[in-house]
Colleague: 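What follows is a single structure, and I will ask about it in a moment.
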Amino acid sequence: MFSRAPNRDLPTAVSAEGAWITDADGTRYLDGAGGAIVVNVGHGVRSVIDAIGEQLERTQYVHPTQFTTDAVEAYAEEVSAILPLEDARIYPVSGGSEAVETALKMARAYHLAQGRAGRSIVIGRRNSYHGNTLGALEASGKAPLRKPYTPWLGRFLHTPAAYEYRCENPKHPEGCAEWHASELERMISSYDPETVAAFVGEPIVGATLGAAVPSEDYWAAIGEVCRRHDIVLIADEVMTGFGRTGSWFGVEHWDLRPDILVAGKGATSGYVPFGFAAASGRIHDAIVEGGGFVHGFTWSHHALGAAAGLAVLRELKAGLVDRSRELGERIRSELGEALADVSTVGDVRGLGTMLGIELVRDRETKEPFARGDRVTERIVEAARERGLLVYSSTGHVDGHDGDLVMLGPPFCLTDEDAGSLIERTTDAVRCVS
Ligand code: PLP
């Protein structure tokens, strides 16, 4: 095994139900972050497990250039009706990074179809995360993840992050949306708009900035710049999608309609590896009529992902998106109160059940802890000792220092377990302060 955690002895997970995972020793863990903010509907949901089994009884593998399947067609029909895109067309793949790669190529194919071969630059944002394959990593702005591969990167550009707690706008909080839009405009004009293909961003920044919610009119301002220059706007909803932020998709909080939307994680809630890039009808038609899409994966358009996705969609439709919103509001407010007097807690933020806690050495100056203090790692460990799993990230302040802890429980979390999540999180954070 080439382990994801080579220096740690990992417990063996043997079963999971609702918001709980049990290991081989019988220890139970409250899955406070659904792994990596993945398990939206919860573990062990019978309808999803059955849908996967039933699909396997019908077909296993057929090549997507030779056949379609009822599962893929039914999923496309049902999911496109809720996507915040005009006449959405989905391209199913095996995960978030592949979905981002697909979206970037769709943007390029769209411009090629219009005879604009010069349009190749993608603009991402600093401190963003879009995946670990090379194209997705190139779009990402998280320095520690890019560093080992620097010789392979460098063609895309990055604008400032929409990060209210440490906003780069010198006049913050005044005119942040206009400032961000003018930074983007400045970058586009310095490279010539006829070279820019796409802008990609997470509606609410996920792991790299711990659920950073932008200012109210940020997305309207960015969307306007993109539209004016015919730059394809890609919303990376891999983490924010499928109810996580308390609405079906993150962009809905600001009525933004992107040209392409990327999904993963919560789309199948982790039951099978899956993701998709959805293009608006306008982008799809331009590509198909104007030259086609040179792209494809062996596992794209797989029936298993579609069957799991459809079953998850139906679970979510039965009230779970509202539950994510209510649950998130309660956790954020009670956690904020419980941590109000903890001097190391700089910020408690997020929307729906996508929540982040930023730890700082000094609340006034927002000075981060030195990396050597291992504050995040110690909180994660303290939480684990209390039977709670959280998600985390480090290095966002300057590529080295910076401590973030994230919560993102399954939406089926009971009120009692929500209380336990708040209590255990508070204890873990307090014991490291
Ligand atoms: N985009 C965002 C916003 C993500 O959070 C992630 C994963 O964390 C990805 C893309 C990459 O997805 P995957 O890990 O499924 O390749």
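Order of appearance sets the numbers: ligands from 1, and atoms from 1 within every ligand.
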Colleague: Under 3.5 Å, N or O to N or O, is Ser97 touching ligand 1 that way?
Modeller: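 Such a contact does occur with ligand 1.
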Colleague: Atoms of ligand 1 less than 4.0 Å from Gly96 heavy atoms?
Modeller: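 Selected atoms, number and element: 11 (C), 12 (O), 13 (P), 15 (O), 16 (O).
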Colleague: How does His130 reach ligand 1, by side chain, by backbone, by both or by neither, if only non-hydrogen atoms under 4.0 Å count?
Modeller: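 Within the 4.0 Å criterion, His130 contacts ligand 1 through backbone atoms alone.
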Colleague: Listing request: all side-chain hydrogen bond (donor to acceptor under 3.5 Å, both in side chains) pairs with a residue in residues 267-285, at least two apart in sequence or in separate chains.
Modeller: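 Checked against side-chain hydrogen bond (donor to acceptor under 3.5 Å, both in side chains) - neighbours excluded - the pairs reaching residues 267-285 are Tyr110-Arg282, Asp259-Arg282.
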Colleague: Tell me whether the rings of Tyr91 and His295 are parallel (<30°), tilted (30 to 60°) or perpendicular (>60°).
Modeller: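 Ring orientation, 0 to 90° scale: tilted.
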Colleague: Report, in ascending order of atom number, the atoms of ligand 1 lying under 4.0 Å from any heavy atom of Tyr129.
Modeller: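 Counting atoms of ligand 1 from 1, those under 4.0 Å from Tyr129 are 1 (N), 2 (C), 3 (C), 4 (C), 6 (C), 7 (C), 8 (O), 9 (C).
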Colleague: Please give me the minimum heavy-atom distance between Val390 and Ala33, naming the atom from each residue.
Modeller: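 Nearest heavy atoms, Val390 then Ala33: C-CB, 4.0 Å.
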Colleague: For Gly131, take its heavy atoms, then give the atoms of ligand 1 lying under 4.0 Å from any of them.
Modeller: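 Those of ligand 1 that fall under 4.0 Å from Gly131 are 10 (C), 11 (C).
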Colleague: Please confirm whether Lys265 comes within less than 3.5 Å of ligand 1 when only nitrogen or oxygen atoms on both sides are compared.
Modeller: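 Indeed, backbone or side chain, Lys265 has an N or O that close.
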Colleague: Does Lys265 count as lying over the ring of Phe242, i.e. NZ or CZ under 6.0 Å from the six-ring centre, within 45 degrees of the axis?
Modeller: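 Checked: cation-pi criterion not met.
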Colleague: Is Arg186 salt-bridged to Glu183, going by a charged N under 4.0 Å from an acidic O?
Modeller: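 Counted as a salt bridge, because a side-chain N and a carboxylate O are separated by less than 4.0 Å.
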Colleague: Should Arg349 and Glu164 count as an ion pair when the cut-off is N to O under 4.0 Å?
Modeller: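 No.
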Colleague: I need the nearest protein heavy-atom contact for atom 9 (C) of ligand 1: residue, atom name and distance, please.
Modeller: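 For atom 9 (C) of ligand 1, the nearest protein heavy atom is Val238 CG1, 3.8 Å.
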Colleague: Would you say Asp236 and ligand 1 have an N/O pair spaced under 3.5 Å apart?
Modeller: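 N/O-N/O distance below 3.5 Å exists for this pair.
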Colleague: With a cut-off of 4.0 Å, which atoms of ligand 1 are near a heavy atom of Glu202?
Modeller: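 With Glu202 as reference, the close atoms of ligand 1 come out as 3 (C).
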Colleague: Mark yes when over 12 heavy atoms from residues, nucleotides or ligands other than Trp299 sit less than 6.0 Å from its CH2; otherwise mark no.
Modeller: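 Result for CH2/Trp299: open.
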